[in-house]
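A short worksheet on the structure shown next.
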Amino acid sequence: MAFGLRTNALAPAGLIVDRVKVEAEAIEVCARSPAAIARCPHCSSPARRIHSRYVRHVADLPFGGRPVRLHLTARRFVCEQARCPRRIFGEPFAGVLGHVARRVERLEAVVHHLGLALGGRPGAGLARRLMLPVSNDTLLRVVRRRTMRPDGPLRVVGVDDWAFRRNCRYGSIVVDLERRRPVALLPDREIATVAAWLGDHSGVAVVARDRGGGYGEAAARALPNAVQIADRWHLMENASAAFLDAVRAAMTPIRRALGATRIDPKLLTAAERLQYEGYQRRARADEAVLGMAREGLSIKAIARRTALARGTVRRILRGEHADAFRTRQSSLDAWLPVLDAEWTEGCANGAELWRRLRRRGFQGSLRVVTEWATRRRRSEAKDLRQLQRAPSAKTIAKAMTIERDQLTKGDAILVASIEAAAPELAQARFLLDRFHAMVRRNAAQELDPWIADASSSLLGSFTRGVIRDRAAVRAALVEPWSNGQTEGQITKLKLIKRQMYGRAKLDLLEARLIGAE
């Protein structure tokens, strides 16, 4: 069955095709507008008098594997309104072609989406295969030009930072929490930059932010009457971090309670000996830093003298460098009862123990099993208490914050021993549970009693931060907004940065994130 092709199908809707010329390399289409009148762009009055005609040469979507060249006959009209300063104007082609465009609107939309999806050079490569005459610079210009800026009034926004390059350069993202879409990317996270942007949007009534002081100060400076909301996830994470610091500070009584205060280097394996030697070097450096701090030197001066980073010096002064061994979850933990049974039956060879575990489904390495056998063999000749070592602070904090009915018997005994040796740590754990429950239930009425109970505890530093930010913390327990949407948009922004190979400028990132039509 034969099908006929209408010539009007080769041109955008609303045009009349006068002639089509098919060549080996391209298709030329001559078209014109059927309208008898045109409206003046200055006074909007209808004009019928034609002054002259000219031809616009524009590109259209390809057809049959060939590019299409559209020769559009345009008319110049005379505006007959006596008071209009515009006497002659060119014929507009609304919805078909822009004022000075070289591509029809439907082709421009395809070019725009190619630029958004692929960027400049990859998009230009695909465009050549699709018979679209655009370059990589053209794709980027179209993306920049067609960026859609949200024009609705902003009332509730979320602000957070994002990394151009981690630990080196950061920017800020602003998200409209009501419409669930980003509205701006700022080049840095300085207080002045954020305050200037918020000052230009005086209608913002609610600002959700993290617990860093910079964004709070910027919001207070630009919008003193706006409600600030501290992010609930950051509240819970900061409370857990404060409890971890409390565990680190209490490691000395914890080791004493677990009988792990003595370490005999002769009884350590090779890997443990390397860790212990590193711990001794860190301990000497820690003692030097603490001695300088007792002499009254500032953190910056200590860092200059010791060639340590200021963050490292700050962690030492907080007591966060106290673990001799960086204990981690081992693949052997679940197989310890099997190993004990095999050892009791007389198998004391590490390689043979590993082979027997492999037959039962063990996926760990031979080294893990042989080190366990070496430690067990030495423990039979020495006092077992000399080989014991306290778990890391993170392991202890995790065991203490898990629900008691979900602990194993060994972890329950460990937690009970620690709480008996450090009752202040047990109180801090109780206060942490109260704070987490308060945030989950949005119980704002419990905030003041909790502050009164926690001010003199091991969570005192975190409590003082809550007191300084009391209004934003209370709003987090009352208001329905949070910065969760902002974190999700940052995740999307990271994906876009990777797609652009990290080379996109701020305006292109903003166009890709915000301006997609």
- Going through the distances and angles, do T486 and V159 end up as a side-chain contact (heavy atoms from CB on, under 4.5 Å)? CA-CA 7 Å; T486 310; V159 186; over 6 Å; no
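- Annotation for E487: atom CD counts as buried by contact number, over 12 foreign heavy atoms lying within 6.0 Å.
- In this structure a side-chain-to-backbone donor-acceptor pair under 3.5 Å is present from Q485 to L177.
- A cation-pi contact, defined as under 6.0 Å to the ring centre and within 45° of the axis, is absent between R209 and Y215.
- The aromatic rings of F164 and W162 are tilted relative to each other, their planes meeting at an angle between 30° and 60°.
- Annotation: the span from I254 atom CD1 to E419 atom CD amounts to 10.5 Å, rounded to 0.5 Å.
- Looking only at side-chain heavy atoms (C-beta outward), V227 and V207 stay at 4.5 Å or farther from each other.
- Among residues two or more places apart in sequence or in another chain, the side chain to side chain donor-acceptor pair (under 3.5 Å) test is passed with D160 by none.
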* Would you please test D433 and R429 for salt bridge (Lys or Arg N to Asp or Glu O under 4.0 Å) and show each step? => CA-CA 6 Å; D433 289 346; R429 189 259 184 192; 2.8 Å; yes
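- The existence of a salt bridge linking R315 and D286 is excluded, since no basic side-chain nitrogen approaches an acidic carboxylate oxygen closer than 4.0 Å.
- Between A421 and P253, the shortest heavy-atom contact is CB-O, 4.0 Å.
- A 4.5 Å side-chain heavy-atom check between W335 and V369 finds every atom pair outside the cut-off.
- Only one option out of D176, L154, V156 pairs with V204 in a side chain to side chain contact (heavy atoms under 4.5 Å, CB included); it is L154.
- Taking every heavy atom of both residues into account, S482 and R232 meet most closely at CB-NH2, 3.6 Å.
- We find that R284 and E287 are not joined by a salt bridge, their nearest charged nitrogen and carboxylate oxygen being 4.0 Å or further apart.
- We find the CD1-CG distance between I229 and N483 to be 9.5 Å, quoted to the nearest 0.5 Å.
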Checking E345 against R356 for the salt bridge (Lys or Arg N to Asp or Glu O under 4.0 Å) test, could you report, in this order, the C-alpha distance in whole Å, the side-chain angles of both residues, the deciding distance, and whether it holds? CA-CA 13 Å; E345 293 177 2; R356 293 186 183 185; 5.0 Å; no
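- Taking the six-membered ring where the residue is Trp, W343 and W372 present perpendicular rings, their angle passing 60° and hence far from 30°.
- The side-chain heavy atoms of V157 and H201, taken from C-beta on, include no pair separated by under 4.5 Å.
- For R304, there are no side chain to side chain donor-acceptor pair (under 3.5 Å) partners, not counting sequence neighbours.
- Inspection of the R367 and T370 side chains reveals no N or O donor paired with an N or O acceptor under 3.5 Å.
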For this session: Run the numbers on E446 and L477 for side-chain contact (heavy atoms from CB on, under 4.5 Å), then give the verdict.
Result: CA-CA 10 Å; E446 300 179 9; L477 304 179; over 6 Å; no
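- When atom types are taken as modelled, the side chain of T193 and the backbone of R189 share no donor-acceptor pair closer than 3.5 angstrom.
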